[in-house]
Amino acid sequence: MNLAYAYPASRFEPATLVDLNARAERERLSKSALQGFFNLANAWRLRDEDARELLGGLSSSAFYEWKKNPDRLLEVDRITRISYLIGIYKALHILYGDKLADEWVSLPNSNRIFAGRSPLALMLGGGLLAMQTVRKLLEARRGGI
């Protein structure tokens, strides 16, 4: 007697994970990731200093060169940072209207995660882990987690 459980067939399959250690994947994603980041930075009205910090502490000269010519190969860390930020942007635009969605990162927040600071301040101070925390919070709010 076979007591194994079988799950019904579904048309939904888990997405295949992208291997960011593979150079070909980073080459495929880098330019569009940077373009998306600069669009996001513009929508959020980020100061260049803050945008550079969100990218992992990029120098001024490199930042302006990347802005002028985003066709380059990014490291795993930078693609991951941009991925979190774009996920935050997307979740905000699902949860709120465009105006509030784009202002939200700069507004003081009473959620205990932020302790009265803005989400941007948390992410600038906490780096990649703070970005992950903000994204998880917003994904949970919109029912994605």
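Predicted model only: the values in this text are computed from it and were never measured.
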Phe114 and Val134: CA distance, side-chain angles, deciding distance, side chain to side chain contact (heavy atoms under 4.5 Å, CB included) verdict: CA-CA 9 Å; Phe114 305 109; Val134 173; 3.8 Å; yes

Contact summary for Leu138 and Ala91, nearest pair of heavy atoms: CB-CB, 3.7 Å

Whether Arg81 side chain and Leu54 backbone form a donor-acceptor pair below 3.5 Å: yes

Partner set under ring-ring contact (aromatic ring centres under 6.0 Å, His included) for Phe38, not counting sequence neighbours: Phe63

Pair Ser83-Arg135, side chain to side chain contact (heavy atoms under 4.5 Å, CB included): steps then yes or no: CA-CA 10 Å; Ser83 174; Arg135 182 165 179 183; 3.6 Å; yes

Student check: side-chain heavy atoms of Ser106 and Trp44 closer than 4.5 Å: no

Interatomic spacing from CG in Asp71 to OG in Ser32 - rounded to 0.5 Å: 10.5 Å

Under the salt bridge (Lys or Arg N to Asp or Glu O under 4.0 Å) test, residues paired with Arg112 that sit two or more places apart: none

Residue pairs, two or more places apart or on separate chains, that pass salt bridge (charged side-chain N to carboxylate O under 4.0 Å, His left out) and touch residues 57-69: Asp48-Lys67, Glu65-Lys68, Glu65-Arg72

Val76 versus Leu20, closest heavy-atom pair with distance: CG2-O, 3.2 Å

Rounded distance (nearest 0.5 Å) linking atom CG of Leu40 with atom CG of Leu46: 6.5 Å

Arg78 side chain vs Leu34 backbone, donor-acceptor pair below 3.5 Å: no

Single-linkage hydrophobic cluster, 4.5 Å side-chain cutoff, Leu107 and Leu120 together: yes

Ala41 versus Ala51, closest heavy-atom pair with distance: CB-CB, 4.4 Å

Shortest non-hydrogen separation from Asp98 to His93 and the atoms involved: OD1-ND1, 2.9 Å

Partner set under ring-ring contact (aromatic ring centres under 6.0 Å, His included) for Tyr64, not counting sequence neighbours: none

Interatomic spacing from OG in Ser118 to CD in Glu103 - rounded to 0.5 Å: 12.5 Å

Side-chain donor/acceptor of Ser110 to backbone N/O of Gly116, under 3.5 Å: no

Cluster link Ile94 to Leu92, ILVMFWY, side chain under 4.5 Å: no

Non-hydrogen side-chain atoms of Met123 and Ile88 separated by less than 4.5 Å: yes

Inter-residue atom distance Gln132.CD - Leu137.CG, 0.5 Å rounding: 12.5 Å

pair Leu74-Trp66: side-chain heavy atoms closer than 4.5 Å: yes

Steps toward side chain to side chain contact (heavy atoms under 4.5 Å, CB included) verdict (Leu85, Phe37): CA-CA 8 Å; Leu85 294 168; Phe37 174 78; 3.7 Å; yes

Gap between atom CG of Asp50 and atom CG of Leu124 - 0.5 Å precision: 4.5 Å

Nearest non-hydrogen partners of Tyr89 and Ala43, listed with the distance: CE1-CB, 4.0 Å

Single-linkage hydrophobic cluster Ile79~Leu73, side-chain heavy atoms < 4.5 angstrom: no

All salt bridge (Lys or Arg N to Asp or Glu O under 4.0 Å) counterparts of Asp102, not counting sequence neighbours: none

From CA spacing to verdict: side chain to side chain contact (heavy atoms under 4.5 Å, CB included), Leu55, Leu58: CA-CA 6 Å; Leu55 284 172; Leu58 196 60; 3.9 Å; yes

For Arg28, salt bridge (Lys or Arg N to Asp or Glu O under 4.0 Å) partners two or more places apart: Glu25

Test item: Arg142 side-chain N/O and Leu95 main-chain N/O as donor-acceptor pair under 3.5 Å: no

Side-chain H-bond candidate by donor/acceptor type, Ser60 with Arg52, under 3.5 Å: yes

